[in-house]
Peer 1: 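I'd like to ask some things about the structure below.
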Amino acid sequence: QVQVVESGGGLVQTGGSLRLSCGISGLTLNNNAVGWFRQAPGKEREFVTAIRWRDRYTSYAAFAKGRFTISRDNAKNTLYLQMDSVKPEDTAVYYCAVSSKYLIVTAMTLQHMYDYWGQGTQVTVSS
């Protein structure tokens with residue numbers, strides 16, 4: 001059984017930093033795509049960033065470039081999202097998503113291409 005568990009959310013001030021973690025178990029990760037999505041109150045869930053596990057190819061949403069960094073620890077089967085220079089508009093529930101297969105670049109941003117999802121972790125940025 002595949003389990004995806006996020007942690008690390010919380011309250012942070014504008015301009016501060018936060019690191020989210022996502023532990024993945026029950027699945028052997030080869031060159032699967034693994035990513036982060038978020039959903040703000042009253043809004044649709046949106047793509048944040050993703051990485052292919054083996055070749056480490058990354059994709060970022062425009063709002064995330066230069067502020068957020070995705071990385072992974074293969075030994076720990078853990079995905080990370082380093083969030084720097086956060087803004088109030090980054091307030092959202094952040095979800096970790098895992099695809100069971102390799103994804104091409106254009107597919108990495110699409111929610112329906114991911115098979116396993118975590119329960120989400122709340123990030124609140126105070127102004």
Side-chain angles (χ1 to χ4, degrees):
Q1 180 180 355
V2 179
Q3 290 192 315
V4 180
V5 181
E6 305 98 333
S7 61
L11 178 64
V12 59
Q13 290 187 331
T14 296
S17 296
L18 202 63
R19 188 176 82 156
L20 306 183
S21 299
C22 173
I24 303 163
S25 60
L27 180 68
T28 299
L29 295 169
N30 293 308
N31 213 15
N32 309 57
V34 188
W36 293 95
F37 291 77
R38 71 182 187 183
Q39 187 167 21
K43 295 189 176 182
E44 299 285 319
R45 189 162 58 185
E46 63 179 348
F47 171 76
V48 178
T49 179
I51 187 169
R52 284 201 299 245
W53 197 260
R54 187 194 305 156
D55 65 22
R56 303 191 195 190
Y57 183 89
T58 59
S59 176
Y60 288 90
F63 66 79
K65 287 180 181 177
R67 298 192 301 124
F68 294 178
T69 304
I70 191 170
S71 63
R72 95 297 188 264
D73 185 326
N74 190 48
K76 296 181 179 179
N77 253 33
T78 300
L79 180 72
Y80 301 101
L81 178 64
Q82 178 67 40
M83 304 170 62
D84 297 317
S85 303
V86 296
K87 306 174 182 179
E89 51 264 43
D90 293 323
T91 295
V93 177
Y94 284 72
Y95 297 92
C96 178
V98 181
S99 173
S100 60
K101 53 191 175 295
Y102 171 95
L103 297 180
I104 60 173
V105 172
T106 52
M108 291 171 72
T109 65
L110 304 176
Q111 296 184 48
H112 68 271
M113 299 303 293
Y114 292 83
D115 304 285
Y116 308 102
W117 292 79
Q119 80 289 348
T121 186
Q122 175 71 47
V123 173
T124 302
V125 183
S126 63
S127 55

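None of these values were measured; they are calculated from a predicted model. Hydrogens, waters and symmetry mates are skipped; everything else that's a heavy atom, side chains included, is used. Positions are given from 1 along the sequence.
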Peer 1: For residues 13-22, which side-chain N or O atoms pair as donor and acceptor with protein atoms under 3.5 Å away, sequence neighbours left out?
Peer 2:
residue	atom	partner	partner atom	Å
T14	OG1	S126	O	2.7
S17	OG	D84	OD1	2.7

Peer 1: So, the side chain of R67 versus the backbone of S85: is there a donor-acceptor pair under 3.5 Å, distance only?
Peer 2: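 Such a contact is found between R67 side chain and S85 backbone.
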Peer 1: Considering the options L29, N30, V98, which one meets the side-chain contact (heavy atoms from CB on, under 4.5 Å) requirement together with W53?
Peer 2: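 Between W53 and the candidates, side-chain contact (heavy atoms from CB on, under 4.5 Å) is satisfied uniquely by L29.
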Peer 1: Please name all residues satisfying side-chain hydrogen bond (donor to acceptor under 3.5 Å, both in side chains) with R54, sequence neighbours left out, ordered by chain then number.
Peer 2: none
Peer 1: What's the shortest heavy-atom distance between I70 and Y60, and which atoms?
Peer 2: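 Residues I70 and Y60, closest heavy atoms: N-OH, 2.9 Å.
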Peer 1: Apart from L11 itself, which Ile, Leu, Val, Met, Phe, Trp or Tyr residues share its cluster (side-chain heavy atoms under 4.5 Å, direct or through members)?
Peer 2: none
Peer 1: Strictly by disulfide bond (SG atoms under 2.5 Å apart), give each pair with a member in residues 31-61 just once, sequence neighbours left out.
Peer 2: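 For residues 31-61: none.
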Peer 1: Spell out, yes or no, whether L103 and L27 are grouped together once hydrophobic residues are joined by side-chain heavy atoms under 4.5 Å, including indirect joins.
Peer 2: no
Peer 1: Is it the case that atom CD in Q119 sees more than 12 heavy atoms from other parts of the structure closer than 6.0 Å?
Peer 2: yes
Peer 1: Kindly state each residue pair satisfying disulfide bond (SG atoms under 2.5 Å apart) with at least one member in residues 43-95, sequence neighbours excluded.
Peer 2: none
Peer 1: Taking ring-ring contact (aromatic ring centres under 6.0 Å, His included) as the definition, give me every residue that meets it alongside F37, ordered by chain and number, with sequence neighbours left out.
Peer 2: F47, Y114, W117
Peer 1: Using modelled atom types and a 3.5 Å cut-off, is there a donor and acceptor pairing between side-chain atoms of D55 and backbone atoms of N31?
Peer 2: no
Peer 1: Do R38's NZ or CZ and the ring of Y95 fall within the cation-pi criteria of under 6.0 Å and 45°?
Peer 2: no
Peer 1: Can any side-chain N or O of N77 pair as donor or acceptor with the backbone N or O of I24 at less than 3.5 Å?
Peer 2: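 Judged by distance alone, yes, a pair lies under 3.5 Å.
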Peer 1: Does atom NZ of K101 have more than 12 heavy-atom neighbours, drawn from other residues, nucleotides or ligands, at distances under 6.0 Å?
Peer 2: yes
